Number of protein chains: 2
Amino acid sequence: MAHSVDQLPAVLGELIVVSNKLTRMAAQLTDGTESPAVWRTLSALRHAGPVRLGGLAALSRVAQPTMTKLVHTLVERGWVQRVADPADARATLLAATESGEAALEAWRTELIAAILPQFEGLDPDEIAAIARAVGIVQQRLDAPIATTKEA
Amino acid sequence: MAHSVDQLPAVLGELIVVSNKLTRMAAQLTDGTESPAVWRTLSALRHAGPVRLGGLAALSRVAQPTMTKLVHTLVERGWVQRVADPADARATLLAATESGEAALEAWRTELIAAILPQFEGLDPDEIAAIARAVGIVQQRLDAPIATTKEA
DNA sequence: CATTTTACATAGCTTGACTATGCAAAAGGC
DNA sequence: GCCTTTTGCATAGTCAAGCTATGTAAAATG
């Protein structure tokens, strides 16, 4: 059952609604851990490799001062370290530490365990469908940031 | 390409990561409108029909005082009205107003327009895949709230 | 009828989000 | 080489969303 391209807007609208619900559920289920912003940041950093604070802010789609604060928290936890950027004395490179990556994995494990009951009984076909959609969306999100104007 | 059920945890983990990214993107792209919490609440209310404050809090997965505040904002905007609950003098029923539903639709339209460039070029097969995944997840989220203990 | 539970408002706190501003390094222009 | 502009990020301040704790009144229970 293929969809025509003029159904894309409606599908995207529903996708965002579902995503909002999922993130809220995830946040509530892992309430005792660090905040979603912390995990989201650590995840972006792990994926991007060593990056500047401003770059990480852009990747995470938050303002630079927001990221300054988040990084401060992450450095305090020992999950992120600052490395001098040899190319620019104003800047440092941020990198996830080993314990940072371990903490991220632990959160992920805890989260999955908590949401699993809600998805029990999915058959392989359904799992594949979700995996595929996730892949498509992931790819689009990792693309260079689109502007609303003609590039 | 079906997946086996033991891949469900990993798929769910990725699903949450992608959802976090999407909600952040949506929030940033509709920065000038009301907050995501407002829209999420209005959306839940529209879907659930007239409901009590505590019930709406549970549906939205936030604490009751959080919902009290959100509802206060929504009532101020004229997007939600309080209706006496004939069955219980302590409680009121909350219902979305027509202008509330209109505002929600306007937000949705604006959001879709803003994220569309990021998803341009998806072919009907991909759109169908996302739509299907969204449906599966939506259904699971609408199910009675699972507990981590045996019900 | 007294006690307990329920429903929600209020109080207070923390954190994530933003814009504005300041300081210093780097880049650009003359 | 020097001055101006841009860049990178820290700091300051504000607001809202999230939470727990508490209070009041209605409803349910024993």
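Bear in mind that the values here come from a model prediction, so they are computed numbers and not experimental data. So you know, we letter chains A, B, ... as the sequences are listed, proteins then strands, and number each from 1.
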* Side-chain contact, heavy-atom cut-off 4.5 Å: B/Thr92 with B/Asp85? -> no

* Asked: Is the closest basic N to carboxylate O distance between A/Arg108 and B/Glu14 below 4.0 Å?
  -> yes

* **A/Glu105/A/Arg46 ion pair, N-O < 4.0 Å** => yes

* To do: Could you pull out the closest heavy-atom pair between A/Lys21 and B/Gln138, with the gap in Å?
  => NZ-OE1, 3.0 Å

* Asked: Of all the nucleotides listed (D/dA26, D/dC9, D/dG18), which has the minimum atom distance to the side chain of A/Arg52?
  -> D/dC9

* **Atom pair distance, as rounded to whole Å: CG in A/Asp31 and P in D/dA17** => 18 Å

* Describe the nucleic acid contact of A/Pro36 in one word from base, sugar-phosphate, nothing, applying a heavy-atom distance below 4.0 Å. => nothing

* Structure fact -> Residues at least two apart in sequence or cross-chain that pass side chain to side chain donor-acceptor pair (under 3.5 Å) with B/Gln64, listed by chain then number, are B/Thr68

* To do: Classify the nucleic acid contact of B/Ser35 as base, sugar-phosphate or nothing, counting any heavy atom under 4.0 Å across all strands shown.
  => sugar-phosphate

* Structure fact -> 5'-most to 3'-most nt of DNA chain C touching chain A (<4.0 Å, heavy-atom partner on protein side) reads C/dG16 to C/dA26

* Is a donor-acceptor contact shorter than 3.5 angstrom present between the side chain of B/Lys69 and the base of D/dA17? -> yes

* To do: Map A/Thr41 and A/Ala89 onto DNA chain C by nearest heavy atom, then report which one ends up closer to the 5' terminus.
  => A/Thr41

* To do: Identify, between A/Thr68 and B/Arg40, the residue whose nearest nucleotide on DNA chain D lies closer to the 5' end.
  => A/Thr68

* Among all residues two or more places apart in sequence or in another chain, which pass the side chain to side chain contact (heavy atoms under 4.5 Å, CB included) test with B/Ala63? -> B/Pro65, B/Thr66

* Set of ring pair (Phe, Tyr, Trp, His ring centres under 6.0 Å) partners for B/Trp39, sequence neighbours left out -> B/Trp79, B/Trp107

* To do: Quick one: list whatever passes side chain to side chain donor-acceptor pair (under 3.5 Å) with A/Ser99, sequence neighbours left out.
  => A/Thr97

* Hey, which of these two, A/Arg90 or A/Ala37, hits DNA chain C nearer its 5' end, going by closest nucleotide? -> A/Ala37

* Tell me, which of residues 79-88 of chain B have any heavy atom that sits under 4.0 Å from an atom in DNA chain D? -> B/Asp88

* Asked: Contact class for A/Ala63 (heavy atom, under 4.0 Å): base, sugar-phosphate, or nothing?
  -> base

* To do: Specify the residue among A/Gln28 and A/Thr92 whose closest nucleotide of DNA chain D lies further upstream toward the 5′ end.
  => A/Thr92

